[in-house]
Number of protein chains: 2
Amino acid sequence: MSKRGMLIVLSGPSGVGKGTVRKALFSQPGNDFQYSVSMTTRQPRPGEVNGKDYFFVSKEEFEQHIREGQMLEYAKYVDNYYGTPLKYINDTLDEGKDVFLEIEVNGAMQVRSKCPDGVFIFLTPPDLMELRQRLIHRGTDSMEVINKRIHKAFGEIQMMQNYDYAVVNDQVDNAVTKIKDIIRSERLRVPRVMPDYLEMLGDSEK
Amino acid sequence: MSKRGMLIVLSGPSGVGKGTVRKALFSQPGNDFQYSVSMTTRQPRPGEVNGKDYFFVSKEEFEQHIREGQMLEYAKYVDNYYGTPLKYINDTLDEGKDVFLEIEVNGAMQVRSKCPDGVFIFLTPPDLMELRQRLIHRGTDSMEVINKRIHKAFGEIQMMQNYDYAVVNDQVDNAVTKIKDIIRSERLRVPRVMPDYLEMLGDSEK
């Protein structure tokens with residue numbers, strides 16, 4: 001009878017501060033969505049807790065998950081696998097609870113192709129919009145620095161086009177507030193609330 | 001250079017309390033969107049101010065607006081015209097400011113066909129969802145009352161499908177908060193922020 005939960009994906013270019021924003025979001029009380037813990041084959045760093053920071057598994061175990069279609073998305077960086085196990089997400093969504101993922105852009109695109117009705121949020125570096133100011137006051141930066149940043153900006157804007165929302169990470173608190181606004185308002189989208197109404201009317205015909 | 005503003009349309013079935021919610025929204029300080037005053041041929045009621053509550057015009061003036069294509073939407077109720085003049089909206093959107101309309105459902109559908117990138121919010125009566133409870137406890141209502149409400153519910157849900165968001169008017173303050181969440185998060189939608197980024201990169205090629 002319960003409606004399926006909503007999948008929320010936070011991603012963005014490398015170094016934009018996705019992890020910091022996600023940690024700040026989950027450090028706040030009263031969140032009504034669950035964090036999906038990633039799985040990795042890399043060694044735990046001091047202080048990291050299995051099942052909280054990551055599920056730490058062997059290479060063999062990770063590859064078995066891949067073979068059995070148990071990963072929603074995964075990637076290999078520097079000889080280690082990182083990815084999102086499917087089971088926790090499906091179980092949680094089936095319970096009607098919303099799930100929050102914080103993943104790399106390649107992973108996000110894998111998820112988008114499998115879950116088109118998810119909410120995809122792109123975290124943008126603050127200097128992407130400040131670029132305009134820097135271009136206006138050319139004196140402050142060398143042309144090489146500016147050209148390098150423009151090249152990077154093209155890549156970031158290309159990525160952004162595959163997302164639903166763009167949130168500037170100018171300050172962590174601002175970004176967290178905006179992400180919470182997005183989650184609250186996405187829950188009010190007609191395609192998301194419609195099943196509740198239709199189910200009610202369906203029941204009324206019994 | 002400025003990006004075009006966003007059009008926000010609040011509508012809903014007759015009697016749902018659209019006007020009350022809109023007034024409560026605009027009574028709050030710090031709103032960064034403009035209210036579009038409707039035009040009508042009906043007589044002002046005591047206390048109503050021309051240009052604030054409505055633009056009060058003659059039948060001839062209103063019909064001239066229609067002929068000249070100067071109405072975004074309009075309808076005739078009980079021998080009087082009601083509608084939204086196009087000029088104020090276009091001028092305000094061109095200035096990059098967001099405009100808020102509170103109109104009847106027929107008008108909202110006229111606006112949707114002309115402004116598909118607007119944000120369309122449907123205010124639903126609280127008893128639409130309470131219907132479920134009322135159906136479960138059949139003893140409290142006669143079958144005639146329940147059947148009448150079910151019939152009305154079908155119509156309301158049909159209407160809702162043409163909107164982006166559904167907000168339950170259970171309490172005016174709750175509805176206002178949700179509408180503000182929606183406006184804030186819609187401003188972060190990639191198709192809305194993209195022009196800013198593209199313009200910035202376009203400038204950089206000069």
Side-chain angles (χ1 to χ4, degrees), chain A residues 1 119-124 128-136 138 146-147 149-168 175 177-206, chain B residues 1 119-124 128-136 138 146-147 149-151 153-168 174-175 177-206:
Chain A
M1 82 130 245
V119 182
F120 292 80
I121 305 172
F122 188 79
L123 200 63
T124 72
L128 184 52
M129 262 322 211
E130 285 162 15
L131 195 53
R132 185 186 188 86
Q133 286 305 314
R134 291 169 65 179
L135 290 164
I136 291 166
R138 296 217 167 179
I146 289 176
N147 284 334
R149 188 61 193 91
I150 288 173
H151 183 76
K152 196 162 167 269
F154 268 107
E156 286 163 357
I157 290 170
Q158 290 272 330
M159 285 185 215
M160 192 196 301
Q161 305 206 32
N162 297 310
Y163 291 75
D164 300 310
Y165 297 93
V167 169
V168 181
T177 302
K178 285 174 180 171
I179 291 167
K180 291 171 88 170
D181 283 344
I182 291 168
I183 294 171
R184 276 198 305 271
S185 84
E186 273 289 330
R187 288 190 179 128
L188 303 172
R189 288 220 145 234
V190 168
R192 297 193 197 282
V193 300
M194 195 55 88
D196 286 340
Y197 286 101
L198 292 178
E199 186 194 28
M200 178 192 72
L201 287 181
D203 282 6
S204 73
E205 283 169 353
K206 278 173 199 163
Chain B
M1 83 131 244
V119 181
F120 292 79
I121 305 171
F122 189 78
L123 200 63
T124 72
L128 183 52
M129 263 320 210
E130 286 162 14
L131 194 52
R132 185 186 189 86
Q133 286 307 314
R134 290 169 66 180
L135 291 165
I136 292 165
R138 296 217 168 181
I146 289 176
N147 284 335
R149 188 62 193 90
I150 289 174
H151 182 77
F154 268 106
E156 287 163 357
I157 290 169
Q158 289 274 329
M159 285 184 215
M160 193 197 298
Q161 306 206 33
N162 297 310
Y163 290 74
D164 301 309
Y165 297 94
V167 169
V168 181
N174 288 351
T177 301
K178 286 174 180 172
I179 291 168
K180 291 170 89 170
D181 283 344
I182 291 169
I183 294 171
R184 277 198 304 271
S185 86
E186 274 288 330
R187 287 190 180 129
L188 304 172
R189 287 218 146 236
V190 167
R192 297 193 196 282
V193 302
M194 196 54 89
D196 286 341
Y197 286 101
L198 292 178
E199 186 193 29
M200 179 191 74
L201 287 182
D203 282 8
S204 74
E205 284 170 351
K206 277 173 199 160

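Lettering follows sequence order; numbering is per chain, from 1. Just so we're clear, the structure is a prediction, and the values are computed from it rather than from any experiment.
Considering every non-hydrogen atom in both A:Leu188 and B:Lys178, the closest pair reads CD1-CB, 3.7 Å. Taking every heavy atom of both residues into account, A:Met160 and B:Val193 meet most closely at SD-CG2, 4.4 Å. In terms of heavy-atom proximity, B:Tyr197 sits nearest to A:Val168 at OH-CG2, 3.8 Å.
Separating the OH atom in A:Tyr165 from the CZ atom in B:Arg187 is a distance of 13.5 Å, to the nearest 0.5 Å. With values rounded to the nearest 0.5 angstrom, A:Arg189 atom CZ is found 8.5 Å from B:Ile182 atom CD1.
Of the two parts of A:Glu156, neither the backbone nor the side chain holds a non-hydrogen atom closer than 4.5 Å to a non-hydrogen atom of chain B. Proximity to chain B is limited to the side chain of A:Arg184, based on heavy atoms less than 4.5 angstrom apart. Only the side chain of A:Met194 comes within contact range of chain B, with at least one heavy atom under 4.5 Å from a heavy atom of that chain.
Here B:Asp164 is the residue among B:Asp164, B:Ile121, B:Ile183 with the most heavy-atom pairs under 4.5 Å with chain A.
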